[in-house]
Chemist: 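Let me begin by handing over the structure; questions about it come next.
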2 protein chains.
Amino acid sequence: MGITKSEHFTDEQNELATLAKAIGHPARIAIIQHLINVNSCMCGDIVNELPLAQPTVSQHLKELKNAGLIKGNFEGNAICYCLNEEGFNKIKSFFQHINTYLENKKNQCC
Amino acid sequence: MGITKSEHFTDEQNELATLAKAIGHPARIAIIQHLINVNSCMCGDIVNELPLAQPTVSQHLKELKNAGLIKGNFEGNAICYCLNEEGFNKIKSFFQHINTYLENKKNQCC
DNA sequence: TATTTATATTGCAATATTACGATACTAGCG
DNA sequence: CGCTAGTATCGTAATATTGCAATATAAATA
């Protein structure tokens with residue numbers, strides 16, 4: 001139905017899913033990578049970096065912001081975007097957990 | 001349009017997005033967590049663990065499998081699913097890159 | 001072979017996402 | 001104030017995702 005039954009899952013599961021989903025689009029991956037490359041904060045010229053129209057980029061930025069993966073500060077009439085540690089820290093432990101498990105597993109199955 | 005302009009992005013960006021997208025659903029997070037918990041491989045009783053109907057679970061498993069995050073082996077008439085290191089390793093370096101960046105950044109902006 | 005068990009596939013309805021043109025909003029500048 | 005540059009929001013079309021009932025498939029077992 002296109003509707004996710006979030007109420008049946010734990011808060012942690014829903015939160016991790018929201019974060020992963022926000023990352024799950026090539027344009028948003030590109031935005032994250034670009035924010036890492038231009039070490040100092042970037043503003044709206046992210047639009048120039050992407051093959052997408054300004055409203056579309058704006059929408060992607062909004063989703064990353066809502067998920068807590070980036071933050072944006074007003075600087076005059078422009079906006080300075082950068083990565084938000086908080087969001088990434090939340091996913092970090094999830095993947096660390098998986099990696100630890102996979103390292104110890106040693107093909108017990110499959 | 002619901003259509004992603006994948007052709008405008010790099011293979012790496014598309015691949016990372018596909019992986020993240022596959023993880024970006026609470027049911028699929030739950031499946032991954034369950035596969036970690038029951039250290040030995042699980043079969044179809046994942047269905048019993050989730051508040052979803054069997055066809056829905058089957059569909060989620062398929063998506064995780066297509067993304068390369070799990071694999072499934074036939075064992076008699078049942079199927080043994082487990083995590084697939086390959087898929088997780090691909091995301092690993094992406095997040096490590098981000099973490100290294102964030103650790104060195106020290107609030108230069110925003 | 002018929003039955004059971006385990007899983008996948010099909011088909012469809014409901015909803016979500018993606019993309020963009022048009023437009024609105026906001027801050028700085030002349 | 002009027003204008004411009006930078007962003008956000010609205011509205012809408014196209015497509016994707018989610019979920020499930022019904023059904024198909026496959027292996028084991030009686």
Side-chain angles (χ1 to χ4, degrees), chain A residues 1-9 13-14 17-31 34-35 41-67 69-82 110, chain B residues 1-9 13-14 17-31 34-35 38 41-67 70-82 110:
Chain A
M1 305 177 180
I3 187 169
T4 298
K5 296 175 123 188
S6 343
E7 68 278 13
H8 294 312
F9 299 98
Q13 286 163 345
N14 283 316
T18 302
L19 287 163
K21 198 164 155 190
I23 299 176
H25 189 287
R28 296 194 287 266
I29 296 271
I31 290 172
H34 187 66
L35 286 176
C41 272
M42 275 302 300
C43 323
D45 55 359
I46 295 172
V47 174
N48 298 324
E49 290 292 321
L50 299 188
L52 296 171
Q54 178 267 323
T56 309
V57 172
S58 189
Q59 199 170 273
H60 284 306
L61 287 169
K62 190 179 170 189
E63 273 167 64
L64 285 170
K65 204 165 151 193
N66 286 342
L69 291 166
I70 65 171
K71 29 185 185 175
N73 282 2
F74 282 87
E75 297 215 345
N77 64 337
I79 295 182
C80 167
Y81 279 109
C82 65
C110 296
Chain B
M1 306 177 180
I3 187 169
T4 297
K5 297 174 126 189
S6 342
E7 69 276 13
H8 295 313
F9 299 99
Q13 286 165 345
N14 283 315
T18 302
L19 287 162
K21 198 164 155 190
I23 299 176
H25 190 287
R28 297 195 286 264
I29 295 270
I31 290 173
H34 187 66
L35 285 176
V38 293
C41 271
M42 276 302 299
C43 320
D45 55 359
I46 294 172
V47 173
N48 298 324
E49 290 291 322
L50 298 189
L52 297 170
Q54 180 267 323
T56 309
V57 173
S58 188
Q59 197 171 274
H60 284 305
L61 288 169
K62 191 179 172 188
E63 275 168 63
L64 286 170
K65 205 165 152 193
N66 287 342
I70 65 172
K71 32 186 184 175
N73 283 2
F74 282 86
E75 298 214 345
N77 64 339
I79 294 185
C80 169
Y81 279 109
C82 65
C110 297

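Chain letters run A, B, ... following the sequence lines, proteins first and then strands; every chain starts at 1. Note that these values count all heavy atoms, side chains included, but never hydrogens, waters or copies made by symmetry.
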Chemist: Among the nucleotides dG19(D), dT7(C), dA19(C), which one has an atom lying closest to any side-chain atom of Q59(B)?
Modeler: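 It is dG19(D).
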
Chemist: Looking at H60(A), does any N or O in its side chain come under 4.0 Å of the phosphate oxygens OP1/OP2 on dT17(C)?
Modeler: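 H60(A) to dT17(C) OP1/OP2: no side-chain N or O under 4.0 Å.
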
Chemist: Could you tell me the separation between the CG atom of L50(B) and the P atom of dG19(D), rounded to a whole number of Å?
Modeler: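 To the nearest whole Å, that distance equals 10 Å.
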
Chemist: Between dT7(C), dG19(D), dA19(C), which nucleotide gets closest to the side-chain atoms of T56(A)?
Modeler: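 Looking only at side-chain atoms, T56(A) lies closest to dA19(C).
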
Chemist: What is the separation between atom CD on E63(B) and atom C1' on dT17(D), rounded to the nearest whole Å?
Modeler: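 Distance check: E63(B) CD to dT17(D) C1' gives 8 Å.
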
Chemist: Compare the minimum distances between each of dT7(D), dG19(D), dC20(C) and the side chain of P55(A), then state the nucleotide with the smallest one.
Modeler: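 Nearest listed nucleotide: dC20(C).
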
Chemist: So do the side chains of L52(B) and H60(B) get within less than 4.5 Å of each other, counting heavy atoms only?
Modeler: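 Yes, at least one pair of side-chain atoms sits under 4.5 Å.
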
Chemist: Tell me the interatomic distance from I3(A), atom CD1, to dT17(C), atom C1', rounded to whole angstroms.
Modeler: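 So the CD1-C1' distance, I3(A) to dT17(C), works out to 14 Å.
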
Chemist: Choosing from dT9(D), dC20(D), dT15(D), which nucleotide comes nearest the side chain of K62(A)?
Modeler: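 Nearest to the side chain of K62(A) among the choices is dT9(D).
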
Chemist: Heavy atoms from C-beta onward define the side chain here; which of dC20(C), dT9(C), dG19(D) lies closest to that of T4(A)?
Modeler: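 Within the option list, the nearest is dG19(D).
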
Chemist: Which class fits the ring pair F9(B) and H25(A): parallel under 30°, tilted 30 to 60°, perpendicular over 60°?
Modeler: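 Taking H25(A) first and then F9(B), their aromatic rings stand perpendicular (interplane angle over 60°).
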
Chemist: Assign each of R28(A) and Q54(A) to its nearest nucleotide of DNA chain C by heavy atoms, then name whichever residue's nucleotide is nearer the 5' end.
Modeler: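 Looking at DNA chain C, the more 5' nearest nucleotide goes with R28(A).
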
Chemist: When you get a sec, tell me which of dT7(C), dA22(D), dT15(C) is the closest nucleotide to the side chain of I79(B)?
Modeler: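 When the side chain of I79(B) is considered, dT7(C) is the closest of dT7(C), dA22(D), dT15(C).
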
Chemist: Please determine, for the side chain of N77(B), which listed nucleotide (dA6(C), dC20(D), dT15(D)) has the closest atom?
Modeler: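 Of the candidates, dA6(C) comes closest.
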
Chemist: Rounded to whole Å, how long is the line connecting atom NE2 of H25(B) with atom P of dT15(C)?
Modeler: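 Nearest whole value for this atom pair: 15 Å.
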
Chemist: Is the distance from OP1 or OP2 of dA8(D) to the nearest side-chain N or O of Y81(A) less than 4.0 Å?
Modeler: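 For dA8(D), OP1/OP2 do have a side-chain N/O of Y81(A) under 4.0 Å.
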
Chemist: Pick the closest DNA chain D nucleotide for A78(A) and for A53(B) by heavy atoms, then say which residue is nearer the 5' end.
Modeler: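 Its nearest nucleotide lies further toward 5', so the answer is A78(A).
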
Chemist: For N73(B) and dA26(D), give me the distance from atom CG to atom P, rounded to whole Å.
Modeler: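 Going from N73(B) (CG) to dA26(D) (P), I get 18 Å.
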
Chemist: May I ask you to evaluate whether S58(A) reaches the phosphate of dT7(D), defined as a side-chain N or O under 4.0 Å from OP1 or OP2?
Modeler: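 Result: no.
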
Chemist: Could you state the CG-P distance from L64(B) to dA8(C), rounded to the nearest angstrom?
Modeler: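 L64(B) atom CG is separated from dA8(C) atom P by 12 Å.
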
Chemist: How close or far is atom C1' of dT7(C) from atom CZ of F74(B), stated in whole angstroms?
Modeler: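 Rounded to whole Å, this separation is 8 Å.
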
Chemist: May I ask you to verify if any side-chain N or O of K21(B) is less than 4.0 angstrom from the OP1 or OP2 atom of dT17(D)?
Modeler: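 Looking at the OP1 and OP2 atoms of dT17(D), one of them is under 4.0 Å from a side-chain N or O of K21(B).
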
